[in-house]
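Here is the structure we will look at, set down as structure tokens.
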Amino acid sequence: MRYQLHHDIGMRCDVDRNIIYVKNPVESELSDFLQTINSELAVFLGLMDGSMEIDDVVRNWSELFFGTKPDREIGKVLQAMLKSKLGPDLQVHQILNKVDSKTLGRRDLPEISTLIVPKEIENIDDPRLRIPLQMLFMPTLDCTQKCSYCYSTESYSDNIKALEFKRIQEIMEEAKRLGMHTIDLSGGEPVSYRHFFPLLEKLFELGLEVNLPTKYPLSREDVKRLKAIGLKTIQISIDALTPKVIDKVVGLKGYGLKILKTLDYLEEAAIGVRTNTVITSYTLEEVEPLMRFLATKKNIYRVTQSPYSISRFKHKSKFPISNEEYKVILEASEKIFESRPDISFNPGDVFEPYEKVSVIEREKSWDERSFCSGGRQNFALLPDGKVTMCEELYYQRHYIMGDLTEQSIMEMWNSPEAKSISYPPKELFPDGPCRDCKDLAACHYSPGRCVREAIKHFGEDKHYYPDPRCPKAPV
């Protein structure tokens with residue numbers, strides 16, 4: 001009997017420990033996770049490339065770590081490892097697939113010798129990676145659309161000196177050497193970047209996967225070129241089915257017909273499409289017919305609905321929808337996609353204003369908040385080379401980690417600025433609830449404080465205030 005580590009899973013040594021993770025969470029069938037693990041588990045999983053019988057794997061592993069053939073006590077250790085958690089709903093044994101002797105062994109797993117970390121230096125507790133794993137690149141902040149609900153702002157796009165394309169290529173080459181698997185593109189509108197196609201060609205040449213979200217109305221020729229470069233999937237954001245309604249939301253006359261044509265061209269080219277629909281009070285009646293339309297497209301494999309929520313720079317008071325209104329949409333959408341079980345339907349949640357959430361409710365949910373990976377597992381590269389911990393913070397100066405016009409990725413990652421952003425000292429909190437909070441260090445250690453939400457709720461000058469979900473945050 002043979003087992004193989006799930007093909008969506010990556011592993012590598014992270015200097016003084018090992019990490020295991022989903023290589024491309026956007027495309028994987030697995031729930032996203034990243035976990036630090038010890039050498040014993042890393043080596044065992046590294047041996048699971050599918051080339052050996054399970055008995056041989058266990059024997060080799062046992063002799064390496066215990067200096068003896070497997071016995072009952074070693075079996076108990078192994079059983080405990082296989083039942084250990086990698087995420088809230090995922091155990092180690094669930095990422096091992098049974099294969100036969102004809103299955104090709106995985107050749108992308110690291111050399112076993114690189115996974116052995118001396119016990120005296122091993123540190124699996126610190127959540128901040130020694131080597132960053134993911135990068136989001138915003139090649140431009142310019143956008144061809146003017147969406148009424150956009151969380152971005154056009155003010156940053158002025159007076160930015162864009163990185164030389166040669167330097168961008170060098171950065172991507174370093175990312176590949178560091179072991180990154182995927183580059184997420186964002187903006188602005190990434191397709192409108194003047195070196196977009198050469199950038200894409202470079203990323204595919206390096207063997208990097210690309211997650212591309214766009215609202216750009218692609219021509220048939222554009223789609224053919226994307227296909228030729230190697231793009232297999234893309235995200236298209238579309239909020240309505242009636243062209244005039246689409247035009248109104250996006251702020252461009254004639255756009256609606258073009259984006260609908262784009263979906264046709266992508267279907268012709270058999271490029272997989274995931275869609276995102278922002279639901280506002282204005283587009284509420286358009287959602288059901290749009291879902292029916294999307295269900296007819298053979299190449300669509302994921303549909304996401306995102307109810308409108310307040311953003312950092314813009315807010316339309318008439319745009320939010322109620323839970324009751326969204327419940328009706330959900331029921332209709334779920335029924336529509338019953339005929340397309342191959343489409344993954346991802347409904348979002350209606351934004352609940354923080355001031356309406358009681359302290360008791362916040363106390364119940366606070367410890368269960370999601371982990372903030374910004375500056376600790378990944379970073380966002382801005383058009384001019386500046387690096388920020390989160391794409392939605394843009395040029396908020398307190399959260400600039402470095403500058404890749406002058407630094408390498410690792411120089412930026414190990415800079416005092418980058419480390420203090422992840423684990424800010426008390427001195428960076430001049431006043432407010434966080435200043436004298438006994439949980440300040442633990443809060444930032446894990447899961448972290450969402451700076452974006454603090455800014456949205458309390459303002460740019462109160463960026464150091466609590467995440468408004470915190471029970472100690474002022475209402």
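Below, all heavy atoms of this structure are taken into account, side chains as well, without hydrogens, waters or symmetry copies.
The ring of F429 has its center closer than 6.0 angstrom to the ring center of H444. In this structure, the ring of Y149 has its center no less than 6.0 angstrom from the ring center of Y308.
Under the 3.5 Å distance criterion, the side-chain polar atoms of N299 are matched with a main-chain donor or acceptor of I271. At distances below 3.5 Å, not a single donor-acceptor pair connects side-chain atoms of T214 with backbone N or O atoms of Q235. Side chain of Q91 to backbone of H93: no donor-acceptor contact under 3.5 angstrom is found. For the pair R2 (side chain) and D100 (backbone), a donor-acceptor distance under 3.5 Å is absent. No side-chain donor-acceptor contact under 3.5 Å links E209 to the backbone of N24. Between the side chain of S28 and the backbone N or O of P25, no donor-acceptor pair lies under 3.5 Å. R274 places no side-chain N or O within donor-acceptor distance of the main-chain N or O of S344, the cut-off being under 3.5 Å. T233 places no side-chain N or O within 3.5 Å of a backbone atom of G272 that could act as its donor or acceptor partner. No donor-acceptor pair under 3.5 Å is formed between the side chain of Q134 and the backbone N or O of Q377. Side chain of R340 to backbone of K297: a donor-acceptor contact under 3.5 angstrom is found.
Of the charged side-chain nitrogens involved, none lies within less than 4.0 Å of a carboxylate oxygen, so that R17 and D126 do not count as a salt-bridged pair. Using a 4.0 Å cut-off between charged nitrogen and carboxylate oxygen, R452 and E392 count as a salt-bridge pair. Look at D403 and K386 and you find a salt bridge, because one of the NZ, NE, NH1 or NH2 atoms lies within 4.0 Å of a carboxylate O, short of that distance. Under 4.0 Å is where a charged nitrogen must lie from a carboxylate oxygen, and between D71 and K69 no such pair does. Ion pairing of D108 with R106 is present here, as a side-chain N (NZ or NE/NH1/NH2) and a carboxylate O approach within less than 4.0 Å. Using a 4.0 Å cut-off between a side-chain N of Lys or Arg and a carboxylate O of Asp or Glu, E324 and K327 do not qualify as a salt bridge. A salt bridge does not link E174 with R177: every distance from a Lys NZ or Arg NE/NH1/NH2 to an Asp or Glu carboxylate oxygen is 4.0 Å or more. Salt-bridge check for K335 with E331: failed, with every basic side-chain N at 4.0 Å or more from each acidic carboxylate O.
The CZ atom of F137 sits 6.0 Å away from atom CG of L199, with the distance rounded to the nearest 0.5 Å. Annotation: the span from D467 atom CG to C443 atom SG amounts to 7.5 Å, rounded to 0.5 Å. The CD1 atom of I9 sits 9.5 Å away from atom CG of L96, with the distance rounded to the nearest 0.5 Å. Within the model, atoms NZ of K98 and OG1 of T103 stand 12.5 Å from one another, a figure rounded to the nearest 0.5 Å. Rounded to the nearest 0.5 angstrom, L64 CG and I112 CD1 are separated by 8.5 Å. Between the CG atom in L284 and the CZ atom in F319 there is a gap of 12.0 Å [rounded to 0.5 Å].
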### Task
Determine, step by step, whether R128 and S422 satisfy the side-chain hydrogen bond (donor to acceptor under 3.5 Å, both in side chains) criterion, reporting the C-alpha distance in whole Å, the side-chain angles of both residues, the deciding distance to 0.1 Å, and the verdict.
CA-CA 8 Å; R128 188 176 195 268; S422 294; 3.0 Å; yes

#### Entry: Chi angles and distances behind the side-chain contact (heavy atoms from CB on, under 4.5 Å) call for M180, T182
CA-CA 6 Å; M180 293 189 191; T182 307; over 6 Å; no

### Message
I'd like to know whether Y394 forms a side-chain contact (heavy atoms from CB on, under 4.5 Å) with T388, so could you lay out the CA-CA distance, the side-chain angles of the two residues, the decisive distance to 0.1 Å, and finally the verdict.
### Response
CA-CA 7 Å; Y394 297 96; T388 178; over 6 Å; no

### Task
Evaluate the side-chain contact (heavy atoms from CB on, under 4.5 Å) criterion for residues L141 and Y395: first the C-alpha distance (whole Å), next the side-chain angles of each, then the deciding distance (0.1 Å), finally the verdict.
CA-CA 11 Å; L141 293 183; Y395 288 93; 4.0 Å; yes

### Task
Give the C-alpha distance, both sets of side-chain angles, the deciding distance and a yes or no for side-chain contact (heavy atoms from CB on, under 4.5 Å) between C372 and R449.
CA-CA 7 Å; C372 176; R449 175 181 65 100; over 6 Å; no

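Looking at heavy atoms from C-beta onward, Y301 lies out of side-chain contact with V273 at the 4.5 angstrom threshold. Using a 4.5 Å heavy-atom cutoff, the side chains of Y21 and R12 are in contact.
Side-chain atoms of D431 and Y464 form a donor-acceptor pair, as typed in the model, at a separation below 3.5 Å. A donor-acceptor contact closer than 3.5 angstrom is absent between the side chains of S365 and E368. D239 and T277 share no donor-acceptor pair across their side chains, judged by distance under 3.5 Å alone. Between the side chains of Y465 and E453, no donor N or O sits under 3.5 Å from an acceptor N or O. Counted by atom type alone, E288 and S333 present zero donor-acceptor pairs between their side chains at under 3.5 Å. Judged by distance alone, the side chains of S237 and N276 never bring a donor and an acceptor atom under 3.5 Å apart. In the model, H6 has a side-chain atom that pairs as donor or acceptor with a side-chain atom of E29 under 3.5 Å.
Between W413 and F379, the ring-plane angle classifies as tilted under the 30° and 60° cut-offs. Using bins of under 30°, 30° to 60° and over 60° for the plane-to-plane angle, the ring pair H457/Y354 lands in the perpendicular bin.
Closest approach of L115 to A42, counting heavy atoms only: CD1-O, 3.5 Å. Closest approach of P213 and E189 over heavy atoms only: O-OE2, 4.4 Å. Shown here for L136 and S186, the closest heavy-atom pair between the two residues is CD2-CB, 3.7 Å. Shortest non-hydrogen contact noted between D14 and R130 is OD2-N, 2.9 Å. Closest approach of S84 to L41, counting heavy atoms only: OG-CD2, 4.3 Å. Considering all non-hydrogen atoms of both residues, S62 and I74 come closest at OG-CD1, 3.2 Å.
Every ring pair (Phe, Tyr, Trp, His ring centres under 6.0 Å) that H463 has, sequence neighbours left out, goes to H398, Y399. Under the rule for a side chain to side chain contact (heavy atoms under 4.5 Å, CB included), D55 has no partner lying at least two apart in sequence or in another chain. Evaluation of the side-chain hydrogen bond (donor to acceptor under 3.5 Å, both in side chains) rule for E334 yields no partner, not counting sequence neighbours. Taking the salt bridge (Lys or Arg N to Asp or Glu O under 4.0 Å) definition, one finds that R59 meets it with D56, sequence neighbours left out. In this structure, R362 has no salt bridge (Lys or Arg N to Asp or Glu O under 4.0 Å) partners at least two apart in sequence or on a different chain.
For K364, the NZ atom sits in a loose shell: 12 or fewer heavy atoms of surrounding residues, nucleotides or ligands are nearer than 6.0 Å. Counting non-hydrogen atoms of neighbouring residues, nucleotides and ligands closer than 6.0 angstrom, the CD atom of E355 exceeds 12 such neighbours. Within a 6.0 Å radius of CD1 in I121, more than 12 heavy atoms belonging to other residues, nucleotides or ligands are found. K462 NZ: more than 12 foreign heavy atoms inside a 6.0 Å radius.
Sorted by first and then second residue, the salt bridge (charged side-chain N to carboxylate O under 4.0 Å, His left out) pairs involving residues 32-50 (not counting sequence neighbours) are E40-K119.
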